[in-house]
Amino acid sequence: MVFGMSTLTTSTAHAATLVMGTSPDYPPYEFQATVHGKTKIVGMDVAVGEKIAKDLGVKLVVKSMSFDSLLVALQTGKVDMVISGMNPTAARKKSVDFTHTYYQGGYSIVINKNDRGIYKNKDSFVGKTIGAQTGSTMYNESKKQTSGTTVKGMTSVSDLILALQSHKIQGVAMEKPSAQAYVANNKELAAIPSDFNLNASDTSAAVAFKKGSSALVHAANKSVDQIKTQNLVNKTYLPAAGKYLKTNTVNTSMWHYWKAFLTGVEYTLIITVCSVFFGFILGVLLALARMGQGGVFRTGLRWLATAYVEFIRGTPMMVQVMFVYFGLGLIVNLPALTSGIIAISLNSGAYVAEYIRGGINSVDAGQTEAARSLGMSSGATMRYVILPQALKNIWPSLGNEFITLIKDSSIVSIIGVSELIFQSNIVRSDTYRGVAPIAVIMVLYFILTFTASRILNYFERRMQHD
C-alpha cells in the first residue's frame, strides 16, 4: 500500500510493515505479558496499532524504548508512529502530527496505602515529592500546578513505583487506567484523585506520526473513528488488557522469568564482546596515529586522533549512544543493537588507545634499536617486538576495560536493546515487584564480571611466565 511517502517500510517484496514505537511499562496501555510461552508487548495501545495496521493492509511491528525517546525516534525515522498513551498537547503538535483521539481519560495519584489519611489530592504534597514519567503531560503539569512540591522525573513508571514503595517519593501521577492497574495488582498501593486542572487534549490519547504525514494520518483517522464509534476501547481493548494483567501476575517468582534474564545476559555478552573486539582494533589504530612523527600526513592523523580521543572522553556515553542511534538515523537506519555496539566500540576505542599508547611508551627504547639493528623494518619492529611487550604491560588495564564494558552495556537500554537492565524493567512492570528483579540482575552482573576477572587473571599469569 502506497501513500506517496516513505513512512511505511517494506520488509519483503510483498509485505509492508508499520513500525509502532511504545514504552511498555504503562499498563493497561502497553506492557509485557507472557503469551503462549513467549514474552510480547500487549495492551490497549497495541490493539489500536493492530487495528490501524490491519485496515492499512500491512503488518504491525512493535518497537520498545523509553517514553522520552519516542518522539525523537519518530522524527528520525526509527518508528513510523507512536502509540503510548500520548496526549496530543499543543507543544507536541508543533513537532509531530496527531490523529483524532482514540481515548479520553483522566489522572490519578498513586500513593502508599498507609498514607491514605495524609494525601487527598495534588495540593496535599506541600514539602513532599511527586514523581511522574519524564516527558509526560503529568510531569509538566505537576511542575506547573503544584506549589511547594518537588517533582521528580524518571523514564520508567516501574522505577517510580519502586521509588514510591521505598519512600523516596510520596506519590506518582499517572493516567487513571494505569493507576487502577497498579493498585489492583499491588495491595500496598492506593489511588487518589489528582484534581489537576486539565483540558481535553491533556487527558486524551492519540496516535503520533512524523510531521507532514498527512496522507497516513488521514488513513489512520478512519481506523480511530471506527474505534470511537464502536467503543472498542471500553468494550474490547481494556477488558482484553485486564485479562493479560490477571494472567501476568499469577506467577511473579523470579525463576518464572528466567528466559527474560537469560536474554538479557545474551545481549549483554554480545554487546561486550563485540565492543571489546572493535574497540581494541580502533584503539590500536588511534594509538599508532597519535604517535606518528614527521610529515604533513602523519601530523594531520596525529591531530585527528588526539581530537577524537579528547572528544569521546569528554562526552557522556549515554549521549554518544543516543547520537549514533538517533543522529545517524537521519542518514542510515541502524538497528538498536548495532547502534549500541557501534557507540560503545567508539567509546572504548578512545580509552584503549591511551592504554596502548602508554604501553608502547613503557617499552624500553633499546628494544627498538636492537630490532632495527637486526634489519627489521619499523612496521615489523612495532608488530613483532613493541606491541607484544606493550600488550603484556597493559593487560590489567585492558582487563579492567572489559569488566567496565560489561556494566556499561546497560546504557543501551535507553534505545530499547534487550540487555539486563532492559529485561529487569520488563520483569518489574510485569510482576509489580520492584526490588527482586534488581537483586537478580545484581547477582548476574557479579557472576559475569567475576568470571571474566578469573579468566583475565589466568591469561595474565600465563603472560608473566612466558
Side-chain angles (χ1 to χ4, degrees), residues 268-315 317 320 324 340-409 448-466:
T268 295
L269 289 176
I270 289 173
I271 295 167
T272 302
V273 172
C274 291
S275 299
V276 166
F277 177 76
F278 293 114
F280 180 78
I281 294 175
L282 177 61
V284 171
L285 296 176
L286 288 170
L288 295 177
R290 290 200 66 181
M291 300 184 72
Q293 298 293 332
V296 176
F297 179 74
R298 289 186 176 181
T299 300
L301 282 179
R302 185 173 71 252
W303 278 102
L304 284 175
T306 301
Y308 175 86
V309 169
E310 294 301 327
F311 181 79
I312 292 296
R313 295 203 304 175
T315 54
M317 187 186 292
Q320 296 164 14
V324 171
I341 291 173
I342 290 174
I344 296 179
S345 297
L346 293 175
N347 182 278
S348 178
Y351 289 91
V352 170
E354 293 302 279
Y355 296 146
I356 293 175
R357 190 165 68 94
I360 291 174
N361 288 332
S362 69
V363 177
D364 191 273
Q367 297 289 316
T368 302
E369 296 172 0
R372 297 306 300 274
S373 66
L374 292 175
M376 296 179 68
S377 64
S378 58
T381 298
M382 180 62 70
R383 179 179 178 183
Y384 296 108
V385 178
I386 306 302
L387 281 180
Q389 295 183 66
L391 182 62
K392 181 178 179 180
N393 293 340
I394 65 172
W395 186 258
S397 297
L398 291 178
N400 183 66
E401 177 69 10
F402 181 74
I403 300 299
T404 300
L405 286 182
I406 293 178
K407 296 177 288 185
D408 284 349
S409 64
L448 290 175
T449 55
F450 183 79
T451 302
S453 295
R454 300 285 73 78
I455 294 173
L456 291 167
N457 288 342
Y458 169 77
F459 285 105
E460 183 179 353
R461 290 192 298 270
R462 289 285 301 269
M463 288 181 180
Q464 297 299 329
H465 289 90
D466 288 343

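All of these numbers come straight from a predicted model, not from anything done at the bench.
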Q.
Pair Leu391, Leu398 - check side chain to side chain contact (heavy atoms under 4.5 Å, CB included), show working.
A. CA-CA 9 Å; Leu391 182 62; Leu398 291 178; 3.4 Å; yes

Q: Apply side chain to side chain contact (heavy atoms under 4.5 Å, CB included) to the pair Val352 and Leu282, showing each step before the final yes or no.
A: CA-CA 8 Å; Val352 170; Leu282 177 61; over 6 Å; no

Q: Assess whether side chain to side chain contact (heavy atoms under 4.5 Å, CB included) is satisfied between Leu456 and Trp395, documenting all intermediate values.
A: CA-CA 8 Å; Leu456 291 167; Trp395 186 258; 3.8 Å; yes

Q: Before giving the answer on side chain to side chain contact (heavy atoms under 4.5 Å, CB included), spell out for Val385 and Met376 the whole-Å C-alpha distance, their side-chain angles and the decisive distance to 0.1 Å.
A: CA-CA 10 Å; Val385 178; Met376 296 179 68; 4.0 Å; yes

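Note: Thr306 OG1 to Leu301 CG = 10.5 Å, rounded to the nearest 0.5 Å. In this structure, OG1 in Thr272 is found 10.5 Å from CD in Glu401, a value given to the nearest 0.5 Å. Taking CG of Asn361 as the start and CG of Asn393 as the end, the distance is 11.0 Å to the nearest 0.5 Å. Note that the CD1 atom of Ile386 and the CD1 atom of Ile356 stand 14.0 Å from one another [nearest 0.5 Å]. Between atom CG of residue Leu405 and atom CD1 of residue Ile271 there is a gap of 10.5 Å, rounded to the nearest 0.5 Å. Within the model, atoms CG of Leu304 and OH of Tyr308 stand 12.0 Å from one another, a figure rounded to the nearest 0.5 Å.
Counting only N and O atoms by type, the side chains of Tyr458 and Arg462 include a donor and acceptor under 3.5 Å apart.
Using a distance-only test at 3.5 Å, with no hydrogens or angles considered, no donor-acceptor pair links the side chain of Ser348 to the main chain of Ser345. Distance alone, capped at 3.5 Å, places no donor-acceptor pair between the Glu460 side chain and the Pro396 backbone. Asn457 places a side-chain N or O within donor-acceptor distance of the main-chain N or O of Ser453, the cut-off being under 3.5 Å. Remark: the backbone N or O of Ala370 is paired with a side-chain donor or acceptor of Ser373 at under 3.5 angstrom. Without hydrogens or angle criteria, Glu354 side chain to Ala350 main chain gives no donor-acceptor distance under 3.5 Å.
Counting all heavy atoms, side chain and backbone alike, Ile360 lies closest to Ala390 at N-CB, 3.6 Å. Listed here is the closest heavy atom pair of Ala452 and Ile403: CB-CD1, 3.5 Å. Between Ala353 and Ala287, the closest heavy-atom pair is O-CB, 3.5 Å. Annotation for Leu286 and Gly349: closest pair CD1-O, 3.8 Å, computed over non-hydrogen atoms. Considering every non-hydrogen atom in both Tyr355 and Ile394, the closest pair reads O-CG2, 3.2 Å. For the pair Arg290 and Ala305, the tightest heavy-atom approach, listed with the atom from each and the gap, is CG-CB, 3.5 Å.
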